[in-house]
Number of protein chains: 2
Amino acid sequence: MQILKNHPSLQHNPLSHLFSFPIHEVIQLHQFERGEWIVREGTPPNYLFYVLEGTAKIYMTHQNGKISLLNFIMPFEFIGEMELLQASFYSKGVQTSTKVTCLAIPYTCRDQILEDPLFLRHLCLFLSEKTAKMTIKYSTSLAFPLENRLAEFILQTADGDIYKEKHVTVCDYLGVSYRHLLHVLAQFCEQQILKKDGRYYRILNEEALQKLAGVLQHQ
Amino acid sequence: MQILKNHPSLQHNPLSHLFSFPIHEVIQLHQFERGEWIVREGTPPNYLFYVLEGTAKIYMTHQNGKISLLNFIMPFEFIGEMELLQASFYSKGVQTSTKVTCLAIPYTCRDQILEDPLFLRHLCLFLSEKTAKMTIKYSTSLAFPLENRLAEFILQTADGDIYKEKHVTVCDYLGVSYRHLLHVLAQFCEQQILKKDGRYYRILNEEALQKLAGVLQHQ
DNA sequence: CTTAAAATATGAGATATCTCACATTATTGT
DNA sequence: ACAATAATGTGAGATATCTCATATTTTAAG
């Protein structure tokens, strides 16, 4: 992790207008390498982060050794906001998938931050969307088999007609075993929906995927 | 649904201190009978509700006809806060399980409400907890079989050593089929963990349930 | 009190998903 | 360039969970 000083993003940062005090005096710019842990599971961070560039993954480990990939974090999302609000919150692990640049506001400003109505409203909106997405994930995970959820995931993450996500990541994300993920992918290939092309999969029949994903229909 | 006028709860309501304007001038007291729908799925409400007494259930219907019972709503929780924040939010259905009394703030006050820092902070905290709970539900639902999740649910809802939740509700809540729920309950009976007593189940071996629930271990 | 609707119950067979064991290929750190 | 680690791939058998069909009992509505 690296702290960038005197970087232009600091003066004209996208959060400053949410605060009534001169946030640029305390805000920092942190840069993480790919694969670094921004937050270690169980250890609350000392900053509220706001991602400017890059993506990361939120993980948690269960007693039985299973690992859940709870979500991807994208630019313009917060990290550490739940620990800021509730000191007792159990921190999930956050690991970068790419190089990540983010704004970092030290928790020492907690009281000031949590009194700014513009910021709080922004945070409410963020949390509301976060809840809504997680609720959808929860309910679809119970109501539909992998076939449908994977179809949606492939459509969401494909680059043109090429699907190339890492299996290990995907099975943590969709909450199924590696074995079963491969099994359903093989099924898609048999049905001529996908075609394995070396290390990638090529989408042969996008309509079929859309049909499978369509039944999830979350508004 | 009934609107109670001039009720003492209105003057000394637990929300008034969160607002900088005289909320008691606009706040109402609504009372719903058992089984009534406070919010119809897909139809945003016109009020922000705050439950004072009673409990309710949040439902959503999937394309394939499956119904998810997303959560129980307890006293001192909000209803309709997500629609208040995001007009585009798809409303889930909310049905009372008992008689429910709640404070109702008309959406016409939206702009005033969403500028009050104390209220916003309270709402952030509420949403943060809501997200955290849903995240736990999501990840445990994927990582553990019904056996463990049901054990926890029985411990949470039992009245002394008597478990008497409705099967239909429970299988919507835990996201499994009715058939499978009965199957696992029968297993518990075989293992002498429960004993069916007419319409109820009696807990014979609480330690066994605690052991099963223990592996969920969410901090 | 009667009837319709909801909830409970059970069997049997299908399917989705998991575990484990093991082999092969990338990727990464030194 | 090499070794260690991570990721991929496959088979076989077990288990969790679902679907459907059908019967009985309880609850709610008129």
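Letters A, B, ... are given to chains in the order of the sequence lines, protein chains preceding strands, and every chain is numbered from 1. Values reported hereafter were calculated over all heavy atoms of this structure, with side chains retained and with hydrogens, waters and symmetry mates removed.
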Looking at every strand, decide which applies to H180(B) at a 4.0 Å heavy-atom threshold: base, sugar-phosphate, or nothing.
base
With S128(A) as partner, the option from Q86(B), E83(B), E81(B) fulfilling side-chain hydrogen bond (donor to acceptor under 3.5 Å, both in side chains) is Q86(B)
Residues from residues 153-166 of chain B lying under 4.0 Å of DNA chain D - heavy atoms
none
Consider the side chain of [X], meaning its heavy atoms from C-beta on, and name the nucleotide among [options] that approaches it most closely.
X	options	value
V168(A)	dG9(D), dA7(D), dT17(D)	dA7(D)
H167(A)	dC18(D), dA9(C), dT8(D)	dT8(D)
V176(A)	dT17(D), dT19(D), dC18(C)	dC18(C)
Y178(B)	dT10(D), dG9(D), dA9(C)	dA9(C)

Of R34(B) and R179(B), whose nearest nucleotide on DNA chain D comes first from the 5' end?
R179(B)
According to a strict under-4.0 Å criterion, is H183(B) in side-chain N/O contact with OP1 or OP2 of dA16(D)?
no
CZ (R34(A)) with more than 12 external heavy atoms under 6.0 Å
no
Find which nucleotide of DNA chain C each of R199(A) and S177(A) is nearest to by heavy atoms, and output the residue with the more 5' nucleotide.
S177(A)
So S141(B) and R149(B), side chain to side chain contact (heavy atoms under 4.5 Å, CB included) or not? Walk me through it.
CA-CA 8 Å; S141(B) 76; R149(B) 296 182 288 132; 4.0 Å; yes
Rounded to whole angstrom units, what separation is found between the [atom1] atom of [X] and the [atom2] atom of [N]?
X	N	atom1	atom2	answer
L181(B)	dT19(D)	CG	C1'	16 Å
Y201(B)	dA7(C)	OH	C1'	12 Å
R149(B)	dA16(D)	CZ	P	12 Å
F144(B)	dT15(D)	CZ	C1'	17 Å
I67(B)	dA7(C)	CD1	P	10 Å
E147(B)	dT17(D)	CD	P	9 Å
L182(B)	dT24(D)	CG	C1'	13 Å
E190(B)	dT10(C)	CD	P	12 Å

Residues E147(B), F188(B); criterion side chain to side chain contact (heavy atoms under 4.5 Å, CB included); working and verdict:
CA-CA 9 Å; E147(B) 194 182 27; F188(B) 283 175; 3.8 Å; yes
Going through the distances and angles, do L123(A) and F126(A) end up as a side chain to side chain contact (heavy atoms under 4.5 Å, CB included)?
CA-CA 5 Å; L123(A) 191 53; F126(A) 173 74; 4.2 Å; yes
Can you find a pair of side-chain heavy atoms, one from L194(A) and one from I154(A), that are under 4.5 Å apart?
yes
Run K130(A) and N71(A) through side chain to side chain contact (heavy atoms under 4.5 Å, CB included) and show every step you take.
CA-CA 10 Å; K130(A) 194 165 171 171; N71(A) 235 324; 5.5 Å; no
